[in-house]
Amino acid sequence: MILVNRETRVLVQGITGREGQFHTKQMLDYGTKVVAGVTPGKGGTEVLGLPVYDTVKEAVKHHPIDASIIFVPAPMAADAALEAAHAGIPLIVLITEGIPTLDMVRAVEEIKALGSRLIGGNCPGIISAGEAKIGIMPGHVFQRGRVGLVSRSGTLTYEAAAALSAAGLGITTTVGIGGDPVIGTTFKDLLPLFNEDPETEAVVLIGEIGGSDEEEAAAWVKAHMKKPVVGFIGGRSAPKGKRMGHAGAIIMGNVGTPESKLKAFAEAGIPVADTIDEIVDLVKKALG
Amino acid sequence: MNLHEYQAKEILARYGVPVPPGKVAYTPDEAKRIAEEFGKRVVIKAQVHVGGRGKAGGVKLADSPQEAYEKAQAILGMNIKGLTVKKVLVAEAVDIAKEYYAGLILDRAQKRVVLMLSKEGGVDIEEVAAERPEAIHKFWIDPHKGLRPFEAREMVKRAGLEGNLNKLAQVLVALYRAYEGVDASIAEINPLVVTAEGNIVAADAKIVLDDNALFRHPDLAELREIEAEHPLEVEASNYGFAYVKLQGNIGIIGNGAGLVMYTLDLVNRVGGKPANFLDIGGGAKADVVYNALKVVLKDPDVKGVFINIFGGITRADEVAKGVIRALEEGLLTKPVVMRVAGTAEEEAKKLLEGKPIYMYPTSIEAAKAIVAMVGGAA
């Protein structure tokens, strides 16, 4: 398992909002160690028995915190991520969808320089099956097992996790990296972690059209990966120039085509599944 | 969101990029009056949201006001790639000595905005990029520092542009300030012209705005042209759905962009053609599903609907309730196949038991079934 476990102490930014409260409850029920929340102007109150602070700096003064999850609305979301990084929180999970791209360009660079890891935005978060989730995924479909899962989508990932779980293969950690054009952490940043994780025996990489993260990941796999990787590309039938739901799922000119991604996977020896069921078959085959 | 050339030029001018004087005309008479006012040779340019206007005959020179009238008359009402020309830009013609390319676009891999500069302007830059990538010079801009004048000057030298170095660099700096100022995702000047007199002007310009940032530019958000979009896309966006009109005959509804893309791919794989992409989003309630069905079934191309749901935060029984409401109101005039799994799957199946909805246990079986029902590719 990577990034999170049952000991990870979590802060929720935007905890007093509808989404923030709902998912804080869900995370607590799953066993996540949520220790506090932040909402500017609501400091001193309580949500679900957790203390709420005005600023992240105040929260970290009172609690040791390993990770923050952000449910702040899009106009203020990048600022919230920067606040977490400046308070020294090493892992920041940005759930919010619809953040202006230039906000992300600025924030991603600054957060990296501060030494924090940003996951997202527009992502479902991270779950280590049976341990803890810092995210919005339905916990019950993730059974603890042998496969690492990393994906640009949400629902499709839950479906793949459910299928892998039902087949008895199970999941170590699942990371939803987000569907936006500029995200904090890409496939190739996470593959080294899965590569070194003793529990993870194979990795499933669920990509989609748009950008070149899959191509970069394939190059990394070819050069360094010690474990089998199974690939999937969503949106293979999508027309050029149309945004398919995710802000980042768009073919622009010759960049982001499924052909380019499939070619890169083929060159790296990554088998590609056409259906969810095939993902399971290919992982079984890879693990022998 | 795409802007018209004249809107892009207004923005660029505001940030200090020189543009040729021009005004918008909606009738040949207006075009004539503008040409009279300029008293010079003018260029009449169709203002539609597609590329390749020149090749389609949507750009014409006029030497007199009477000719401006005639050329505007020819262009107005013209159909360019499915869009009717409703307005033209009448601008002073530029005496071209050199044509360059200057563009800013997000480089997703580098996570920075990249400045692209080339001596080969006035042509399709994607063709240049494909055939002679070395002709395009790139500089990745530090988001916290912006494009500084010395960096712009170095770029002008590196790309080998000829003309007043300081003025060329100023144009690049202004272009970046405009990009940042309006939250663009693309800002291009093509061609960037050096005139016979040595002046520098943006003879054509393109700006695409970041939809996610429109909330902080209400003046620009107002420039959205509803009539240029598909009416169902407009209706769907009012409901808050991500909806894309496609060319086929099978309506697609699902939860989550990834699952919907997967569903489109499956339908294609088994020989069908999706009529749309529609994502109901996370945690959707019955009314959302009902509205989604309303939008999808309004499309006259749709001969059948495939609803693909994996319940996570979204409850499958809420989806079922929405479908049943649509059914009871007589909305479901076309066959509907459904596949539901995940949270509240059993409750959903119980609710739909005995209803005229075709249920399938897997996505692939449901895809095959709907394709068989509508009779394959349109």
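Predicted model only: the values in this text are computed from it and were never measured.
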Which one, Tyr179(B), Phe310(B), Phe215(B), leads in non-hydrogen pairs under 4.5 Å with chain A?
-> Phe310(B)

For chain A, the option from Gly342(B), Gly282(B), Ala242(B), Ala213(B) that forms the most heavy-atom pairs under 4.5 Å | Ala213(B)

Are any side-chain N or O atoms of [X] and backbone N or O atoms of [Y], one a donor and one an acceptor, separated by less than 3.5 Å?
X: Asp265(B); Y: Ser237(A); answer: yes
X: Lys111(B); Y: Gly184(A); answer: yes
X: Arg108(B); Y: Gly248(A); answer: yes

Can you tell me which portion of [X] sits under 4.5 Å from chain A's heavy atoms? Options are side chain, backbone, both or neither.
X: Leu106(B); result: side chain
X: Asp210(B); result: side chain
X: Ile105(B); result: side chain
X: Phe277(B); result: side chain
X: Glu127(B); result: neither
X: Leu278(B); result: neither
X: Val244(B); result: side chain
X: Asn255(B); result: both
X: Ile125(B); result: neither

More than 12 heavy atoms of other residues, nucleotides or ligands under 6.0 Å from [atom1] of [X]: yes or no?
X: Lys112(A); atom1: NZ; value: no
X: Asn254(A); atom1: CG; value: no
X: Glu180(B); atom1: CD; value: yes

Taking every heavy atom of Pro143(B) against every heavy atom of Val105(A), the minimum-distance pair comes out as CB-CG1, 3.7 Å

How far apart are the closest heavy atoms of Gly256(B) and Thr155(A), and which atoms are they?
-> CA-OG1, 3.4 Å

dist Ile186(B):CD1 -> Met252(A):CE (nearest 0.5 Å) comes out at 4.0 Å

Can you tell me how far the CG atom of Asn212(B) sits from the CD1 atom of Ile99(A), to the nearest 0.5 Å?
-> 8.5 Å

Which of [options] touches chain B most, by non-hydrogen pairs under 4.5 Å:
options: Ala249(A), Gly235(A), Ser153(A), Gly234(A); answer: Gly235(A)
options: Thr186(A), Asp277(A), Ile276(A); answer: Ile276(A)
options: Asp180(A), Ile206(A), Asp274(A); answer: Asp274(A)
options: Arg106(A), Glu159(A), Arg236(A); answer: Glu159(A)

[Y] side chain reached by [X] side chain, heavy atoms, under 4.5 Å:
X: Arg269(B); Y: Thr275(A); answer: yes
X: Arg216(B); Y: Pro75(A); answer: no
X: Tyr158(A); Y: Leu259(B); answer: no

Which region of [X], side chain (C-beta onward) or backbone (N, CA, C, O), has a non-hydrogen atom less than 4.5 Å from a non-hydrogen atom of chain B, or is it both or neither?
X: Val141(A); value: side chain
X: Glu110(A); value: both
X: Pro181(A); value: both

List, one per line, each side-chain donor-acceptor pair under 3.5 Å for residues 207-214 of chain A, sequence neighbours excluded.
from, atom 1, to, atom 2, distance (Å)
Glu208(A), OE1, His246(A), ND1, 3.2
Glu208(A), OE2, His246(A), ND1, 2.7
Glu214(A), OE1, Arg152(A), NH1, 3.3
Glu214(A), OE1, Lys261(A), NZ, 2.6
Glu214(A), OE2, Arg152(A), NH1, 2.7
Glu214(A), OE2, Glu208(A), N, 3.0

Step by step, would you call Thr343(B) with His140(A) a side-chain contact (heavy atoms from CB on, under 4.5 Å)?
-> CA-CA 9 Å; Thr343(B) 308; His140(A) 62 89; 3.2 Å; yes

What residues of residues 113-129 of chain A sit under 4.5 Å from chain B when only non-hydrogen atoms are counted?
-> none

Say whether Glu109(A) and His144(B), considering side chains only, have a donor N or O and an acceptor N or O under 3.5 Å apart.
-> no

